[in-house]
Amino acid sequence: MARPLPQPVAKASSELPSSNLRRAQDLHQQGVAHARQDRWRPALRAFNEAARLAPEQAGFNYCKGVALCRFDRFDDAREAFMAELRVMPAHAPALAEIGTCLARTGRTRDGIPYLQEGLRLMPNMPLAQYSLGLAFLTESRRGEAIEALDRSIALDAGYAEAYRTRGLAYVMDGKFDKAVDDLRAASTLDSQNYKAILELGMNFGAAAREQQAGRLFELAADSAPDVALPQYLFGHFLINHRQFERGLGYIDRALNLDPLRVEHHVAKGFGVLGQGRVEEAVAAYRRAGELDPANAAVAGTLLFALQHKPGVTREELLREHRRWATLYRPQAPVDRLSFPNQPDPARKPRLGLVSADLHRHAVSFLVLRAFEALAALGYEICCYKTDSKRMDDDFSERYKEISVSWRDVSGMDEPTLAQQIGDDRIDVLFDLAGHTAGSRLSLFAARAAPIQLGWAGYVGTVGLDTYEGLIADPVEIPPEHDATYVERPIRLPDCYVCYHPPQDAPDVPALPSLNGGRFTFGCFNRPAKLNGEVGKAWARILEQVPDSRILMVYGGLGETSTREAIYRVLGEGGVSPDRVELVGEAEQPKLLQAYGEVDLALDPFPYSAGVTTLEAMWMGVPTVTFVGDTFAGRHSAAHLTAAGLGSFCADSIDDYVAMAVGWTRRRGELDELRRGLRDRVAASPLCDAPRFAGNLSRELMRLWTEWCEARTAREAA
C-alpha cells in the first residue's frame, strides 16, 4: 500500500527568498509526479533538494522520508520525519512513520508509542494500523495485533497484506480456522500471495493440522494456476491422503508447467503406484533418476516400487539397493567396536527402536507384543519417534509403558540424534522403517550403535552394510537366498513377526456361499500390488468358477480414476469389471466386517500380503498365495506356514489357480476350517509372544556376546 504524499501548505518562512521557495515548490511537485509513476529514484532527488531549499515548508520532509523508505534507508527516513515534526508537531502520518521505521530497524518496542500517538491523532490510516498490528505481533502481543489488523481491514477491505498478517496472528493464537479464512481472502486479493499461503500450509502440516494444510494448499494452487510449485504441493498432499485421482490432476499440471523438476516425477510415481499402475510408477521414478542421477533420495524412491514389478528378481533388487547405498553414504561409518558401551556378555543389551510407526500401524501389529515380552524378560527399551505428525494412541501408550525413555526426535538432525542414542547407552538399535516414510537411514548408514538390526518395516535388504542382521525366518529368506541380501539374515525358528490380533473383532460368520450361493474371492490389499499378471491368474479362476466374483476393499477405491485404473490393470489379464466389486474403506473395523462376505482370499504377486493375510485368517478366511522369489513375495507364505496352513502356498501360478478353484468345490471343508481358524491362529507361534521373545532374545544375546568378545579382544591386543 502506497504512503500518502500530502500537498505542501502554502506558507513560507519569512526569511526564505521567494525564488528559493518557488524552486523548492517546483521540485516538490516534480517529486510527486515521479512518485505517482513509481519512479522513486528521481522522486527522492527532487524531494531531497526541495527539503534542502525549504526545510521549514510543511510536508517537504515527510515526502523525503517516504521516498527514503522505498530504498530501505530507515534511519535517514526517521530523521526526515523528525524534521517534519519540528515544522508540524502534530503531524500524525510522520509520527506513524517514525514508529514504522523504528520497527523496521529492530526497535519495535520503541516504535509502538509513535504509531499509537499518530493513530490517536488520525485513526483512519490503514497502513499505520497495519504497521501497529505487525509491531504488536513481533512483540508477541497477539490480541492487540489482531485488534489493530481488524481496524486496518475495516478501513481498507482490499488490504491483502493485512489479511495475511492477521492470518499469521491467528495461527500463533491457535485459531486455525480463522487463519485459513484470512489467507483465502488474501489470495483472492493478491494472486502472488500463494507463496505465503504455501508456507503457512507447510507449517500447518508440520503441526499435524492436516485439514487446514489441505485447504491452504488448494487455495494456493487455485490462486496461481500457472505456477508449478503450488500445483505440485497440493497434488502431493492429495496423493498422501489417498486421493489419487485429484492429486494426479494437479501433478500433471505441475509437469506441464515444469517437466524437468525431479520432484514432479517422483510425485507422479507415488500417485500412479497408488492406483496399481506399477510400470508407470517405475518409469516415473527412473525418469526422476535420469534428471538427477547423483541424488540418493531420488534413487531410493525406485526401490519400493520395484518390489511390485512383475518379473523383478532378487538380483535386480540387490543391484539397485547397492547403487542407492553408494550414493547415500556420506562418509565412512563409525567403527562398531569404538563405542564405549560396557562389553559385559552377562547383561542384557539395551534396545533402541527407531520408527515413525510407534502407534496403530501395520508395523506395530507385527512387533509391539514382541517388545512387550522382551521387556518382561528384563530388556531395557528406548523409543525414538521420528515423525511428530503421527498422533500417539493406545499403542503408543503401550510402547511408553515398556520404555525407560520415549523421545520424539523428529526435529533432531542426525548428529544430534546419534549423540542422544549414545547418551542413552543403546547396545542394539532396531530400524523399523527401512525405505519407508519416517526412516532415518542416514543414522544407520553412519552407525549409531554397536549392533544395528533391520526388522518388519521394510521388505528385504536396505542395501547398507552397517546392519548386523535382518530379522527373518526360513520361509521369508531360505538359506539359498542369502547371497542377495547385504545384511546377514537372522532366521527365527517359527516366524519372523509376532502378531497382535485386532481387538473387538466381529465374530466369524459361516461361509457366505455354504448353501450354494455366489462364491466370493477377496483381496483387501493396496491397489499398487495389482498388475496384469495377477489379472491373468484371476481371469482363469473366474472363468472356471462362473458364479463367482472378486471383492476388493481398500481406502481410495471410491475414486473414479482409481477404480478405472484397477479395472484397466485387471482387464489386461482378461478380468471383466462386472466380476469385480470395489469398495473404498480404510477403517479396520469395517474392513474386518467385510470379510464376512468373503469365502477365500486371493494373494497378489509379486508383492504378497502381510498384515492383510493375518487379518483375513483372524476372520476365518485363508489366503491362497503364489510363493514368490523375493522377500516381499513371501509374506503370506511365512504367515500361513506359521499358522499350519502351508497347503495354501502354491509354487506356480498354475497351482495357484488350481488351488483357488479347488476350494470352491470343497465348501463344507472350507466352512469347517473357517470356524476354527481364529483359535488355530491364536494358538500358533504367530501369537505366542513369550515363545517369540525367547527366540529373539537368544539371537540378541548371541549378537551381543559376539560384540563383547570382539571388543574385549581388541582391547587386549
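- Within a 6.0 Å radius of CD in Glu480, more than 12 heavy atoms belonging to other residues, nucleotides or ligands are found.
- For the 3.5 Å distance criterion, the side chains of Arg390 and His361 fail to qualify, holding no donor opposite an acceptor.
- The closest donor-acceptor contact from the side chain of Arg322 to the backbone of Gly463 lies at 3.5 Å or more, if one exists at all.
- Although no hydrogens or angles enter the test, the distance criterion places no donor-acceptor pair under 3.5 Å between the side chain of Arg242 and the main chain of Tyr554.
- By the 6.0 Å contact criterion, CD on Glu372 is enclosed, its count of non-hydrogen atoms from other residues, nucleotides or ligands being greater than 12.
- Counting only residues at least two apart or in different chains, salt bridge (charged side-chain N to carboxylate O under 4.0 Å, His left out) contacts with residues 427-456 comprise Arg347-Asp427, Glu414-Arg440, Arg447-Glu468.
- More than 12 heavy atoms of other residues, nucleotides or ligands sit less than 6.0 Å from atom CG of Asp423.
- Between His500 and Phe395, the ring center distance clears the sub-6.0 Å criterion.
- Side-chain N or O atoms of Arg425 include none that pairs as donor or acceptor with a backbone N or O of Arg350 at under 3.5 Å.
- When the side chain to side chain contact (heavy atoms under 4.5 Å, CB included) test is applied to Ala288, the partners found at least two apart in sequence or on another chain are Val262, His265, Val266, Val298.
- For the 3.5 Å distance criterion, the side chains of Tyr399 and Ser364 qualify, holding a donor opposite an acceptor.
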Report all side-chain donor-acceptor pairs from residues 450-457 shorter than 3.5 Å, counting only partners two or more places apart or in another chain.
| unit_1 | atom_1 | unit_2 | atom_2 | d |
| --- | --- | --- | --- | --- |
| Gln452 | OE1 | Ala448 | N | 2.8 |
| Gln452 | NE2 | Phe444 | O | 3.0 |
| Gln452 | NE2 | Thr466 | O | 2.9 |
| Trp455 | NE1 | Tyr496 | O | 2.8 |

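- Below 30°, between 30° and 60°, or above 60°: for His635 and His639 the angle between ring planes is below 30°, a parallel geometry.
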